[in-house]
Structure formats: structure tokens, C-alpha cells
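Below: one structure, written as C-alpha cells.
Model, not experiment: these values are computed from the prediction.
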Amino acid sequence: MATRVRMLRAAVVLAAIALVMSTGPTVASAMSNGVPVQVGSAPWFVSITFTEGSRVVGQTVTGSRFDRLHCGGVLIDPVTVLTAAHCVVDPEAVATSPRRALAPSVFGVTLGDAPAGESSAVERTVRHIDIAPGFGLVANPRDPANLDVAAAHDDVALMTLAAPVPRARTLAVSAAPAVAGTSVTLLGHGYTPAGSRSDQLLRGSLSVISAAACARQTFVEPVRAGMLCAQSRPGVPSVQAGYGDSGGPMVIGGGAQARLLGIFSFGTETVADLFTPGFNAASDVRVAALRWPALRVHLHL
């Protein structure tokens with residue numbers, strides 16, 4: 001599920017070039033082993049797109065809103081979207097200035113869990129972007145100079161909308177941290193094993209694993225990185241995020257009881273082939289709020 005850190009440069013270029021080659025929305029079995037959500041069950045979900053005609057990494061982005069999908073996010077108050085920092089950083093500057101964001105005008109925001117190609121959906125304007133002060137890349141020890149296989153820490157950012165959302169339906173943060181064994185859900189429109197995005201918003205059922213169990217699978221120290229990891233339970237098809245799902249929410253509960261736990265960041269594509277069964281790492285929102293006072297204010301913690 002996510003445009004991962006591995007795609008810091010590549011995702012933006014592909015979004016600008018491949019979009020115009022797309023034939024339009026397709027319905028696929030998303031992520032790996034994801035299933036469609038019931039429309040109306042996640043009104044706080046945010047689809048982040050590149051705006052029509054925007055210039056990103058030297059390319060002009062064109063196409064339908066579905067074609068221009070980039071990342072996921074979640075509405076945490078009527079004017080603020082929480083997403084992954086690596087979704088909004090400038091790919092051409094990240095090596096030397098990891099907290100430099102692309103211009104807000106490059107991004108559009110669409111709310112809700114309806115199909116991404118829904119023509120009646122409103123694409124909202126972004127006024128300002130803030131990246132967590134602790135955000136940075138974690139070099140891959142197999143290839144330290146290659147940012148395309150790096151991971152990240154403190155991977156969260158705030159997008160301020162140009163105007164408040166009327167009658168906004170936001171997602172509150174969980175009152176308590178998740179412990180190992182907790183059932184959680186990851187949501188996104190990202191790429192699937194078939195190589196296409198899903199027009200329908202997809203969800204994947206996972207179980208939180210301990211920091212120690214996560215650390216055995218990745219070169220990142222989950223606690224230091226502020227990460228929460230989850231993976232499929234033994235004996236069931238493995239849910240793995242795909243490019244395009246980054247920034248999407250990891251939630252506990254459902255319906256009116258849904259609460260925010262994390263923001264998806266990276267997974268097994270940093271250590272193996274994409275969709276290899278294993279961990280899915282999200283920035284722990286409660287930890288991020290402790291490290292970043294501005295986020296704490298928005299979450300009312």
C-alpha cells in the first residue's frame with residue numbers, strides 16, 4: 001500500500017509520465033490481498049493527487065484524477081490532512097534537504113472512500129505543507145548510496161487546506177497505543193501485484209507485531225524511528241502495501257469506533273521484492289505527536 005520511500009524520486013516521475021498512458025480506472029484486488037471497503041465507512045480517508053498541469057521533477061502531470069493519484073492521507077481536523085512526509089518532499093532535494101517540500105500547488109486533496117475515478121468528487125486546494133522536524137531517510141546497509149532502497153524515520157507531514165471542509169468527518173487518534181496482537185486495518189488506492197492501481201479504496205486486515213519482531217525483518221530500529229509494525233496473521237494470505245498507499249491510515253476498530261494508529265511508510269520492498277510477505281511499517285501517530293508539538297495540537301492530545 002504506499003508510494004514508499006523507495007519511490008521518493010521514481011514515483012513522482014512515473015506519476016507524471018505513466019499517467020497519460022493509463023486507460024482509466026481499473027478495479028483490482030488491491031495491495032496484495034486487499035478487499036474493497038464499504039462506501040461510506042471511511043469518510044475521513046484522503047486521496048492525494050498531483051494537480052492537473054503541475055510540473056514535478058521536470059515532468060508535466062496530466063490525466064484524470066484517478067491517473068494523478070499519488071498517496072493517501074487522513075483528515076484529522078476540518079482544515080488539516082496527515083500524510084507521510086516522503087509523499088510531499090522534493091525528490092530532487094531529499095538527499096541534502098530532507099524537509100524541503102514540493103510546492104503546495106502541486107497537490108490536490110479528495111475526501112472520502114468512493115471510487116477514485118468518481119467524477120463528482122471535489123478536489124481541494126492545499127495552502128501549506130509542514131514536514132515533521134525529525135523526518136529523515138535511513139540508508140539501506142546493502143546499498144547506502146541508493147536512496148531508492150532507503151527507509152525513513154518520523155515519516156509524517158501536515159497539509160493545510162485552503163479552506164475548511166464543511167461538515168467535516170474527521171478521524172480521531174486512538175486513546176491508547178496498540179499492543180502486539182491488536183487487529184488493525186490499512187487502507188489505500190495503491191498499486192497491486194497486477195501492476196495497476198485500484199479505483200476502489202481497499203483495506204487490508206493485519207495484526208500489530210512487537211518492535212523486536214519488526215526489527216528482525218528490517219534494517220530500521222522501529223522504536224527509534226517512531227514506527228508501528230503490523231503484518232498478516234499466520235495461515236492467511238499476506239496483505240502487503242503497494243506503491244501509492246503511502247500516507248494512508250492504519251486504524252483500529254471500524255465505523256464510528258474507528259481510531260487512528262499510524263500513517264503507512266514502508267514495508268518489505270526495502271529488504272526484498274515488492275509484495276514479499278512480511279511487515280508493514282507505519283509512523284506511530286502518538287509517538288509522532290510527542291516528538292512534534294504542532295501535530296499534538298492538531299490531534300488535541
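Here the straight-line distance linking atom CD1 of I76 with atom CH2 of W44 works out to 13.5 Å at 0.5 Å rounding. Atoms SG and CD, from C214 and Q231 in turn, are 8.0 Å apart once rounded to the nearest 0.5 Å. Going from atom CG of L201 over to atom OG of S41 covers 7.5 Å, rounded to the nearest 0.5 Å. Remark: L75 CG to L171 CG distance equals 9.0 Å, nearest 0.5 Å. Within the model, atoms OG1 of T62 and CZ of F50 stand 12.5 Å from one another, a figure rounded to the nearest 0.5 Å. Here CG of N280 is found 10.5 Å from CZ of F266. Values are rounded to the nearest 0.5 Å.
What you find for S265 and D155 is that their closest heavy atoms are OG-OD2, 2.6 Å. Contact between H189 and D199 at its shortest, heavy atoms only, is CE1-O, 3.0 Å. Closest heavy-atom contact between L161 and P78: CD1-O, 4.3 Å. Shortest non-hydrogen contact noted between T182 and R233 is C-NH2, 4.4 Å. A pairwise comparison of heavy atoms in Q200 and P36 identifies OE1-CG, 3.5 Å as the closest pair. Nearest heavy-atom pair across I131 and R99 is O-NH2, 2.9 Å.
Side chains of H153 and R224 form no contact here, defined as non-hydrogen atoms less than 4.5 Å apart. Residues V239 and L186 have side chains not in contact (no heavy-atom distance under 4.5 Å, counting atoms from C-beta outward). Under the 4.5 Å side-chain criterion, counting only non-hydrogen atoms from C-beta, V156 is not in contact with V285. Using a 4.5 Å heavy-atom threshold, the side chains of E52 and E123 count as separate. A 4.5 Å side-chain heavy-atom check between L102 and V88 finds every atom pair outside the cut-off. The side-chain heavy atoms of R286 and L301, taken from C-beta on, include a pair separated by under 4.5 Å. For the pair F219/V149, no side-chain contact is recorded, criterion being any heavy-atom separation below 4.5 Å from C-beta on.
S97 meets the side-chain contact (heavy atoms from CB on, under 4.5 Å) test with A93, R100; sequence neighbours excluded. Listed by chain and number, the residues in a side-chain contact (heavy atoms from CB on, under 4.5 Å) with P98 are V94, F135 (sequence neighbours excluded). Taking the salt bridge (charged side-chain N to carboxylate O under 4.0 Å, His left out) definition, one finds that D284 meets it with nothing, sequence neighbours left out.
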Practice prompt. Quick one: do L69 and S47 satisfy side chain to side chain contact (heavy atoms under 4.5 Å, CB included)? Show the steps, please.
Written response: CA-CA 7 Å; L69 281 172; S47 295; 3.8 Å; yes
Discussion item. Does T51 form a side chain to side chain contact (heavy atoms under 4.5 Å, CB included) with V61? I'd like the steps, not just the answer.
Written reply: CA-CA 7 Å; T51 53; V61 179; over 6 Å; no
Discussion item. Run L158 and L82 through side chain to side chain contact (heavy atoms under 4.5 Å, CB included) and show every step you take.
Written reply: CA-CA 5 Å; L158 294 169; L82 181 62; 3.9 Å; yes
Worksheet item: For S283 and M227, what are the C-alpha separation, side-chain angles and deciding distance, and is it a side chain to side chain contact (heavy atoms under 4.5 Å, CB included)?
Response: CA-CA 5 Å; S283 294; M227 292 295 169; 3.7 Å; yes
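Judged as a salt bridge (Lys or Arg N to Asp or Glu O under 4.0 Å), not a single pair has a partner in residues 162-179 (not counting sequence neighbours). The side chain to side chain donor-acceptor pair (under 3.5 Å) analysis of residues 292-301, with sequence neighbours excluded, yields the pairs D77-H298, T80-H298.
Under a hydrophobic-cluster definition in which Ile, Leu, Val, Met, Phe, Trp and Tyr are linked whenever side-chain heavy atoms come within less than 4.5 Å, directly or via other members, V79 and V126 are assigned to the same cluster. Linking ILVMFWY side-chain heavy atoms closer than 4.5 Å, directly or via other members, places V57 and I129 in a single hydrophobic cluster.
Between the side chain of S205 and the backbone N or O of S232, no donor-acceptor pair lies under 3.5 Å. Using modelled atom types, one side-chain atom of T270 and one backbone atom of G267 make a donor-acceptor pair closer than 3.5 Å.
Under the side chain to side chain contact (heavy atoms under 4.5 Å, CB included) test applied with L228, the options I209, L261, V184 reduce to a single match, L261.
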With a 3.5 Å cut-off and sequence neighbours excluded, list the donor-acceptor pairs that the side chains of residues 248-256 form with protein atoms.
none

